[in-house]
There are 2 protein chains.
Amino acid sequence: MARKTREEAQRTRQQIIDAARTTFNQHGVARSSLAQIASAAGLTRGAVYWHFKNKAELFLSMREDVFVPMIERMDTTLFSNSYSDPLDAIEAALKDFFLVLDECPNLRQVLEIMVLRCEQVDEFAEIQAEIERPGQEFLQKMEKVYQKAASHGSLRPGQPASALALDTWAFISGLLHALLTRGFEKKLKQQVPAMIVTHMQLRRG
Amino acid sequence: MARKTREEAQRTRQQIIDAARTTFNQHGVARSSLAQIASAAGLTRGAVYWHFKNKAELFLSMREDVFVPMIERMDTTLFSNSYSDPLDAIEAALKDFFLVLDECPNLRQVLEIMVLRCEQVDEFAEIQAEIERPGQEFLQKMEKVYQKAASHGSLRPGQPASALALDTWAFISGLLHALLTRGFEKKLKQQVPAMIVTHMQLRRG
DNA sequence: TTATACATACACTTATGAATGTATAATCGT
DNA sequence: ACGATTATACATTCATAAGTGTATGTATAA
C-alpha cells in the first residue's frame, strides 16, 4: 500500500490503540493476538509492529492514553480550595472519580482490562508496578487532606489520619473492583454516591 | 508405564492440582501450559488429560480444593453466639479471615491466582460467576449481623444496616486486593488488625 | 532520491486434543 | 483360588492450529 501523511499515520496509531482497547477488553490480553487487533483496526500486523515494538508496549501506550488525565483531574478536586471543609473535598473527589468512570467508556475499559483481563505476572511485572503507584500516591495525598481536616476540626476524633486514609483507600479500591466485576450494573452504580456519603459521614465529628 | 491403585491415582490427581496451583501462581493461568503443569508434577500431559478434561476443569478443581472450607469457617465465626455484641462477631470474623489467609499458603495462592493471575473473560465467565457468589452471600450475611447489632443497641445510629454492610464489604474487598497485589508484605500485613479495629470502631455507638 | 508507512511472506516455536500404546489393578467366571 | 478378561492409569506419538518476530516488498510523502 501507499505511504501516508504524518497526521494520517498518527490516526492509524490511535486506531490501533482503540482496537487494542476493545479487543483486550473483550478477549483478555493474553488471548488477544496482534493479528486480531490489527484486523479490528482494519490493518495488518505490519502496521502494529511498525508503531509498537510488541504487545507489552502497545498495552502501556493504551494505558497512558487515558490514565494520566484521570489522575490530574482527581488531584485538582482533592486539593481544591473551594471547599471550606477538607472532608468535603475528599467526598467530592471520590464522587468525581466514579462519575468520570461512568462517563468515560475508554477509561472504564482500560481499568477493566488492567484489573480483570490482564494476568499480573512475569514480564508484566513492571506494568503492575506502574498500576500500583497511582494507588500509593493517592493514599499519601488522602492522608494529607485528612490531616488538614483534623486541624480544621471537622474530623471525628479518635483515629489518626493515616488509619482513616488506609480505610478510605481500601473502601475505594474495593468499590472499584466491585463495580468492575459486576459490569457497572445500575443497581450497584446508583448506590455509589450514597456509599461515599455513608463512608464520609462515619468520620465527621 | 504401569497402572496404579485407586488410592495412588487419587494421589497423582492431587499432585496435579498442587502443581497447577504453583504453576498458575508463578506464570499466570494463560501462560501455564498443561505440559508445564504435568512436568512440575513429575508426570506427562497424558496424566493431566486423564484426570481433567482441559485447563478450565483443572482450574475449577484446584479452586474447590481450598475454597469451600474457608467459607464454612468464616460463617461459623460470623454467626457464633459466643459474642455478646454482634459487632464483635463481625470484627472477629474479619480478623479470622485475614489470619487464615496468612496461615494457609494454599488458600493464599488460589486467591492470588483468581484475583491477579486469571483473565476473567469468555469461557472463564462461569468461573467468574462462581468467584462472585461467595462475595454476594457474604454481603447478605453481614447485613443480617448488622441488623442484630442495631437491635442489640451497640450500633452507632444514623445508617441502615445495608449501607454499613456495603461499606464493610468494599473495605474487605479492597484490603484483600491490596494485600494480594503487594504480596502480603509485612508492613501492610501488620496493619490489618488495626485497620479492622478502626473500621469497626467507626460504627460503634 | 530517500525515508516512511505500511502489507505480505517466511521461519520458527509452542500449545492443544486426540489417537495409540501398554503394563497392571480389578473383576469375573469357573 | 486361579487364570482370563477388562477397565484403568497413565506415557508416547501425531496432526493441526496459532502466534510471534523478522525479512522483504512497495507505493508515495518528504
Side-chain angles (χ1 to χ4, degrees), chain A residues 1-20 22-62 113 117-119 121-124 127, chain B residues 1-20 22-62 113 117-119 121-124 127:
Chain A
M1 278 295 206
R3 178 178 175 183
K4 306 277 186 65
T5 304
R6 287 202 200 86
E7 303 143 14
E8 286 176 326
Q10 276 308 105
R11 262 183 284 169
T12 60
R13 189 191 130 97
Q14 186 63 42
Q15 282 171 19
I16 294 171
I17 287 183
D18 292 340
T22 59
T23 307
F24 285 157
N25 192 48
Q26 274 183 39
H27 308 293
V29 175
R31 301 177 70 85
S32 297
S33 70
L34 296 184
Q36 264 183 290
I37 295 171
S39 171
L43 302 164
T44 69
R45 282 191 312 129
V48 177
Y49 275 104
W50 173 255
H51 285 282
F52 307 96
K53 187 185 170 192
N54 49 30
K55 197 199 276 187
E57 194 182 294
L58 172 55
F59 181 96
L60 282 176
S61 300
M62 171 205 73
I113 292 165
R117 321 220 196 280
C118 165
E119 299 190 353
V121 75
D122 284 350
E123 81 252 34
F124 282 88
I127 293 179
Chain B
M1 280 291 208
R3 178 179 174 184
K4 306 277 188 64
T5 304
R6 287 203 199 88
E7 302 143 16
E8 284 176 327
Q10 277 307 105
R11 261 183 285 168
T12 60
R13 189 192 131 96
Q14 186 62 43
Q15 283 171 17
I16 294 171
I17 287 183
D18 292 339
T22 59
T23 307
F24 284 158
N25 192 48
Q26 275 183 39
H27 308 293
V29 175
R31 301 178 70 84
S32 298
S33 70
L34 296 184
Q36 265 183 289
I37 294 171
S39 171
L43 302 163
T44 69
R45 283 191 312 130
V48 177
Y49 276 104
W50 173 256
H51 285 283
F52 307 95
K53 188 184 168 192
N54 50 29
K55 197 198 277 187
E57 194 181 295
L58 173 55
F59 181 97
L60 282 176
S61 301
M62 172 204 72
I113 292 166
R117 321 218 197 283
C118 164
E119 299 190 352
V121 75
D122 284 351
E123 81 250 35
F124 283 87
I127 294 178

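As the structure is a prediction and not an experimental result, all values here were calculated from the model.
At a cut-off of 3.5 angstrom, counting only N and O atoms as typed in the model, there is no donor on one side facing an acceptor on the other between the side-chain of B/Arg3 and the base of C/dA26.
Rounded to the nearest 0.5 angstrom, A/Gln15 CD and A/Ile37 CD1 are separated by 14.0 Å. Within the model, atoms CZ of A/Arg13 and CD1 of A/Ile16 stand 8.5 Å from one another, a figure rounded to the nearest 0.5 Å. Note that OG1 of A/Thr22 and CD1 of A/Ile17 are 12.0 Å apart. Values are rounded to the nearest 0.5 Å. Between atom CG of residue A/Leu34 and atom NZ of residue A/Lys55 there is a gap of 6.5 Å, rounded to the nearest 0.5 Å.
At the phosphate of D/dA9, neither OP1 nor OP2 sits under 4.0 Å from any side-chain N or O atom of B/Thr12. At C/dT24, none of the side-chain N or O atoms of B/Arg6 fall inside 4.0 Å of OP1 or OP2 (strictly under the cut-off). One finds a side-chain N or O of A/Ser33 lying less than 4.0 angstrom from the OP1 or OP2 phosphate oxygen of D/dG19.
Here the C1' atom of nucleotide C/dT14 and the CD atom of B/Gln36 are 11 Å apart, to the nearest Å. Atom P of nucleotide D/dA29 and atom CD of A/Gln10 are separated by 17 Å, given to the nearest angstrom. Regarding B/Arg31, its CZ atom lies at a distance of 12 Å from the C1' atom of D/dT20, rounded to whole Å. Following rounding to the nearest Å, B/Arg13 (CZ) and D/dT8 (C1') show an atom-to-atom distance of 16 Å. Distance CD (A/Glu7) to C1' (D/dA29): 12 Å, rounded to an integer number of Å. If you measure from atom NZ of B/Lys4 to atom P of D/dA9, you get 10 Å, rounded to the nearest angstrom. What separates CZ of A/Arg11 from P of D/dA29 is a distance of 13 Å, to the nearest Å. What separates NZ of A/Lys53 from P of D/dT22 is a distance of 9 Å, to the nearest Å.
For DNA chain D, the neighbouring residues in residues 40-52 of chain B, judged by any heavy atom under 4.0 Å, are B/Leu43, B/Thr44, B/Arg45, B/Gly46, B/Ala47, B/Trp50, B/His51.
With hydrogens and angles disregarded, a donor-acceptor distance shorter than 3.5 Å links the side chain of B/Glu119 to the backbone of A/Ala30. In this structure a side-chain-to-backbone donor-acceptor pair under 3.5 Å is present from B/Ser33 to B/Gln36.
Base pairing analysis places D/dA30 opposite C/dT1; the two distances defining the Watson-Crick or G-U wobble pair are each below 3.5 Å. As the counterpart of D/dT8, C/dA23 is assigned, both hydrogen-bonding distances of the Watson-Crick or G-U wobble pattern falling under 3.5 Å.
Taking the side chain as every heavy atom from C-beta outward, B/Met62 and B/Phe52 never approach each other to under 4.5 Å.
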